[in-house]
Amino acid sequence: CRGSEWGEKIFSHKRTYLILWLVFIVVYAICYVSYYPGTFAYDAPPQTYQAFGRDPLNTHHPVLHTVLWGICLRLGARLAGGGTAGLVIYSIGEMLVVTAVSVLVVYEIYRVTARAGAAVLASLYYLLVPMLSVMSFSLTKDVLFGCFLVLFILMLYETAVQEKKGNLSGLFAAGLLSSLFRNNMIYVVILVFVMAFILRYSRKIKAVLFGIILTYCLIMKLVFPLVGVVEGEKCEAFPAVMIQLAGIYVNSPELLDQEEKETILAYMPDADSFNRHFADYVKSTFDNERYEEDSRTFWNTYFSVLRKAPVQCLCLFLDLNVDYWYPGAEIPDRYSMRAYIETDTQEKEIYPVENAGYLPRIHAFYEKVAAHELAIMNLPVLGYFFSLAFPFGSLLVCIYLTIRDKRRENVLVLGVLAGLFLTFILGPVSNFRYLYPFYLALPLYFCFAAAGADRVREQKVSFRGLLW
């Protein structure tokens, strides 16, 4: 009940959130122990080569995340002589950050809605959704990025409601860190900056957003090159374009003239390896040197093909990440053959990770979650929550609520989420880890869409009070 005495007593005190944090840690730690010492999947091997100094630091993966992983490896070697101690340090540290951010979301929900019931539901969400537990210690960059994204949209909403000095500095820090922990996030910040201009948001908000963009560019173009960081391959920015060209080359070669076929093969030697739901087979052998020397020919060819076959190109584009928008898409996908959540260990020779075998029954439960084989995940209606299309549906609902109720303070938040989703649609493959930030932020952005700024009130516990 809104404003109830018990809710005021429980959720208006710092002690509540400390206890809640400890409860989150215990629940997530049980999952972690079943996977001890941690998971080492997909992007971990190339980042580990960079962290060990075998390969130079590369912006293909967020440099700060690679550096953080390297610090954990060195700290593990110093404290325990190597082994998997670095992975343990990273996993536990990340889990503490994830649970702390989750507690902040619960606090914000109560502060905005003044409803104890809403805070309880958010707490149960973070405790009971099993994917959140599995991902809380994953080595992938998406987890910490998700945490910074949550803080960014939280501060963006707070700043739109009330421009305090602390809100503006928090907005800048969260926006810059989220951009540095996922390369495509800077495009989202640029989109929100443009939206802020068009919708005439305050100068301070626009100044902070511009400051994020400027600082990011200085770091990427000036600081990183000075310390020897190598720029990532340009082809990482347009896998959806490559899949369209390869798809036309394989499925409709009669639409291409000889020169276009030769150009496609010159840039993409493995165009014949076209996979409609996984661009990496084509992207992995893309001739980046040729593209650096002559990108114009590549793009002229693409636009020529696009003019000839606009419908086919559109279908190939939508089909690449169909799992993100079509609720009936199968999991796991028969074409990409990617696990729902990747928990297997890759390339053990560089970092030998073996599951310790603790809590085998709990481990078996979470492995069913990771494989999308839990019975509840495949039930009619309820199974939609566990599909990769759920964030898209939830975003549409929140956009509708925001427009219906004319909640101006929530427009930029939805701009962030919509922009981020568009970058996923342009990505090389559909996978839960990309969508993890949406699931982590879900209670928060639903709350912002359903509760207006008129309900925001100051509680006895402030953000600073929670942190200190």
Side-chain angles (χ1 to χ4, degrees), residues 18-45 47-48 51 65 68-103 123-144 146-147 332 338-377 386 431-433 436 439-440:
L18 177 60
I19 294 172
L20 188 61
W21 187 32
L22 294 175
V23 172
F24 284 0
I25 290 172
V26 169
V27 172
Y28 284 34
I30 291 172
C31 177
Y32 170 65
V33 170
S34 74
Y35 279 95
Y36 184 87
T39 58
F40 190 79
Y42 202 60
D43 287 340
Q47 286 189 276
T48 304
H65 184 254
L68 176 62
W69 171 228
I71 291 172
C72 292
L73 288 172
R74 288 189 287 275
L75 185 59
R78 178 172 296 182
L79 295 178
T84 57
L87 182 59
V88 174
I89 293 170
Y90 179 92
S91 300
I92 293 176
E94 182 176 75
M95 185 174 61
L96 293 176
V97 172
V98 169
T99 50
V101 169
S102 302
V103 169
S123 301
L124 290 174
Y125 172 84
Y126 287 116
L127 287 171
L128 299 179
V129 175
M131 300 93 74
L132 299 179
S133 300
V134 177
M135 289 294 296
S136 67
F137 51 86
S138 173
L139 187 54
T140 179
K141 57 185 175 287
D142 304 274
V143 179
L144 289 177
C147 293
R338 295 288 295 278
Y340 182 63
I341 299 176
E342 293 155 330
T343 59
D344 57 322
T345 297
Q346 303 282 334
E347 299 186 33
K348 295 182 181 181
E349 64 274 8
I350 180 177
Y351 198 71
V353 179
E354 294 288 348
N355 184 271
Y358 302 139
L359 308 177
R361 291 186 178 181
I362 293 176
H363 179 78
F365 168 79
Y366 283 112
E367 279 296 275
K368 284 188 175 182
V369 172
H372 200 271
E373 294 176 352
L374 207 62
I376 193 175
M377 302 176 81
F386 300 97
N431 194 258
F432 178 84
R433 73 181 180 93
Y436 169 78
Y439 279 88
L440 185 64

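Excluded from the calculations below are hydrogen atoms, water molecules and symmetry mates; all remaining heavy atoms, backbone and side chain alike, are included. Starting from 1, each residue takes its place in the sequence as its number. Quick caveat: nothing in here was measured; it's all calculated off a predicted structure.
Between Tyr439 and Phe432, the ring-plane angle classifies as tilted under the 30° and 60° cut-offs. Ring planes of Phe40 and Trp69: tilted class, angle from 30 to 60°.
Using a 4.5 Å heavy-atom threshold, the side chains of Val27 and Tyr126 count as separate. Side-chain contact check for Phe24 versus Leu96: every heavy-atom pair is 4.5 Å or farther apart. Taking the side chain as every heavy atom from C-beta outward, Ile92 and Val88 approach each other to under 4.5 Å. Two residues are said to be in side-chain contact when any heavy atoms from C-beta on lie closer than 4.5 Å; Leu440 and Ser102 meet this criterion. Between Leu68 and Tyr90 the shortest side-chain heavy-atom distance falls below 4.5 Å. In this structure the side chain of Lys141 reaches within 4.5 angstrom of the side chain of Arg433, judged on heavy atoms. The side-chain heavy atoms of Tyr436 and Val98, taken from C-beta on, include a pair separated by under 4.5 Å.
Between the side chain of His65 and the main chain of Leu139, a donor-acceptor pair closer than 3.5 Å is present. One N or O on the side chain of Glu94 and one on the backbone of Ser138 form a donor-acceptor pair closer than 3.5 Å.
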Show me, pair by pair, the donor-acceptor contacts under 3.5 angstrom made by side chains of residues 357-371, not counting sequence neighbours?
| from | atom 1 | to | atom 2 | distance (Å) |
| --- | --- | --- | --- | --- |
| His363 | ND1 | Ser34 | O | 2.9 |
| Glu367 | OE2 | Tyr35 | OH | 2.6 |
| Glu367 | OE2 | Thr343 | OG1 | 2.7 |

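The one candidate from Thr140, Val129, Thr39 that meets the side-chain contact (heavy atoms from CB on, under 4.5 Å) condition with Met135 is Thr140.
Taking OG1 from Thr48 and CG from Leu73, the interatomic distance works out to 6.0 Å, rounded to the nearest 0.5 Å. Distance check, rounded to the nearest 0.5 Å: OH of Tyr340 to CE of Met131 gives 4.0 Å.
For Tyr36, the OH atom sits in a loose shell: 12 or fewer heavy atoms of surrounding residues, nucleotides or ligands are nearer than 6.0 Å. By the neighbour-count criterion of 12 heavy atoms within 6.0 Å, atom CG of Leu124 is densely surrounded, having more than that number from other residues, nucleotides or ligands.
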